[in-house]
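Side chains are part of it too, since the values below use all heavy atoms of this structure and drop only hydrogens, waters and symmetry mates. The first residue of the sequence shown is numbered 1, and numbering continues consecutively from there. Both counts, for ligands and for their atoms, begin at 1 and track the order of listing.
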Amino acid sequence: EIFSSVSKMKILPRLERKLLKKFEDFFKSEDGGGASEELKGRIRQLQKSNSRILMNTSLLESPLHAFRLVKRLVKTWSSVFKSSAMKTTDLKLSAFLNSTEKWILNQDLWPSEIDMSGAAMAIVRLHNLYNLDYSTLSKGNFLNMTSQPMTSLELAYVTEAALNLGFICDAKELISALKARAKRPGGRTTRIARLQRQLSHLAIDGMTECDDRNNSYVMPTLTSLASKSYEARRQAVRTLYHQMCRKTMQASIVYGSGRECYQHSTFIPYLKFKAEVVNSDPLITVFHDVISDDEIREMKQLSFGKLSPSTLAVAQVAHEQQLIRVSQNAWLFDLTPTMKRVSQRVELITGLSTRMLDEDTHAEPYQVVSYGMSGVNGLHEDSVVLNYGLGGVYGPHEDSVRIPRQSGNENTPLLLHSGDRTATWMYYLSDVPLGGATVFPLLGAGIRPQKGTAAFWYNLRRSGEGEVRMVHAGCPVLYGDKWVANKWIREIGNIFRRPCLLDPNL
Ligand SMILES: O=C(O)CCC(=O)C(=O)O
Ligand SMILES: [Fe+2]
């Protein structure tokens, strides 16, 4: 699928193939006489790895394979260029190496060190959150996919990523795996000593240990939570969020207490939609088969060139910054007949107006979100948009913007005219084989993405106050590609369709 974010990753083996071809051609040419057997051997080795992945690029939907490919392109290739340039005195070979390295580094999609550490971080985040086993990983297995065992160097990169994320527990497990290897004949320990030093610094900085792995954590009541500090509340929500992500990993599409199925009618008599109540109070509903594959294709097509890294929401802790939102988004207006029709459907089903006006608009344009690893380090913001589709995530947040979250909040002027985001309608534009559920930590409810469905809920109470229980999050994507389209429906244009009530409890 050309519009998927993993598809950019899938272009890489073809790019590597072109690079290999340049070497092959050079070896065969008159100028190639100076190439050593060693260099030819390394290229043959790389050809083998390249053909393996070219034959089955869907392997790259797995973070382990993705990491290994990026590592090869960044590290192995740079060592090929550097060491052969150092070892040779042949001018023609030097010139070839020089120009070829320049050529490849100029390819927009060619990954950099940042992408490599981003891929390693994705692996750690996924292991941490879903309680996966590092000894399985070090044997080269990720979920149900098997491959060659990881090298110590690869493991060390992943360990470094764990340390950079401040994941002490994960770093400890990885260091033990490295130590077990060092005991074998020929094992090396210098790298381990360095990683261990880094780990002890982290511990001194007062980072907590292994706190999130608790599956039996029970949410304190909302009233008792209200008296707690902001930090304590945030931590409680995070723990529940992680718990919910684990619970929904392999659940059926809808996970919640109030499951109930019904035919949702519209004012067009024959037009009914299958609906499922995910949670009854506050209400969260999932609607099935509300957007067709053709409509989805058009929506992705329209956003493809417009995707840019999502701005990060508030970052509380420096090292957690990258955990909050790893995705790209594009804004789409109702400019085509398809988009108009897709919006009318939202109106038909919810009874709310999605009319877009210059001022006092009833709804926002679609925010199409694709979860990838661009922006992982917050460093990528200005560079070429890369989206390798690894470990995309959106941490717990509320969609309503009544309380400006940051000074200079960009939403404030819009808020004055159109009111808050009364309701959220979210189309799911892809299936996600593993991970990537939308979860509501305070309600114990969750929705697994299914192409063609949509979720709907109100962010405000009838009194106009924000509904704090609607905190929700997108779980990290373990495998596959995730796309959603948000339609936020505004308050003022819908005041008669959803009248306000004075009772703050409603
Ligand atoms: O991707 C998801 O599941 C949630 C997305 C979301 O909450 C948002 O974009 O506001
Ligand atoms: Fe949201």
The atom name of the N, O or S atom in His397 nearest to the Fe ion (ligand 2) is NE2
Under the ring pair (Phe, Tyr, Trp, His ring centres under 6.0 Å) test, which residues partner His264, sequence neighbours left out?
-> Tyr262, Phe287
For ligand 1, which atoms have a heavy atom of Thr438 less than 4.0 angstrom away?
-> 2 (C), 3 (O)
Under 3.5 Å, N or O to N or O, is His397 touching ligand 1 that way?
-> yes
Heavy atoms from other residues, nucleotides or ligands near CZ of Arg355 exceed 12 (cutoff 6.0 Å) = no
Between Thr424 and ligand 1, find which residue part has any heavy-atom pair under 4.0 Å and reply side chain, backbone, both or neither.
-> neither
Heavy-atom closest contact (Ser147 atom, His65 atom, distance) | CB-NE2, 3.6 Å
Ring geometry between Phe440 and Trp457 (parallel below 30°, tilted from 30 to 60°, perpendicular above 60°) = perpendicular
Please name the atom of Asp399, restricted to N, O or S, that is closest to the Fe ion (ligand 2).
-> OD1
Numbering the atoms of ligand 1 from 1, which are under 4.0 Å from a heavy atom of Gly474?
-> 2 (C), 3 (O)
Nearest-0.5 Å distance that lies between atom CE in Met244 and atom OG1 in Thr239 = 13.5 Å
State the atom name: nearest N, O or S atom of His472 to the Fe ion (ligand 2).
-> NE2
Kindly confirm or rule out an N or O of His472 lying under 3.5 angstrom from an N or O of ligand 1.
-> yes
Proximal ligand 1 atoms for Trp488, defined as those under 4.0 Å from one of its heavy atoms = 10 (O)
With a 4.0 Å cut-off, would you call Glu364 and Arg421 a salt bridge?
-> yes
Where the side chain of Glu491 meets the backbone of Gly419, is there a donor-acceptor pair that is under 3.5 Å apart?
-> no
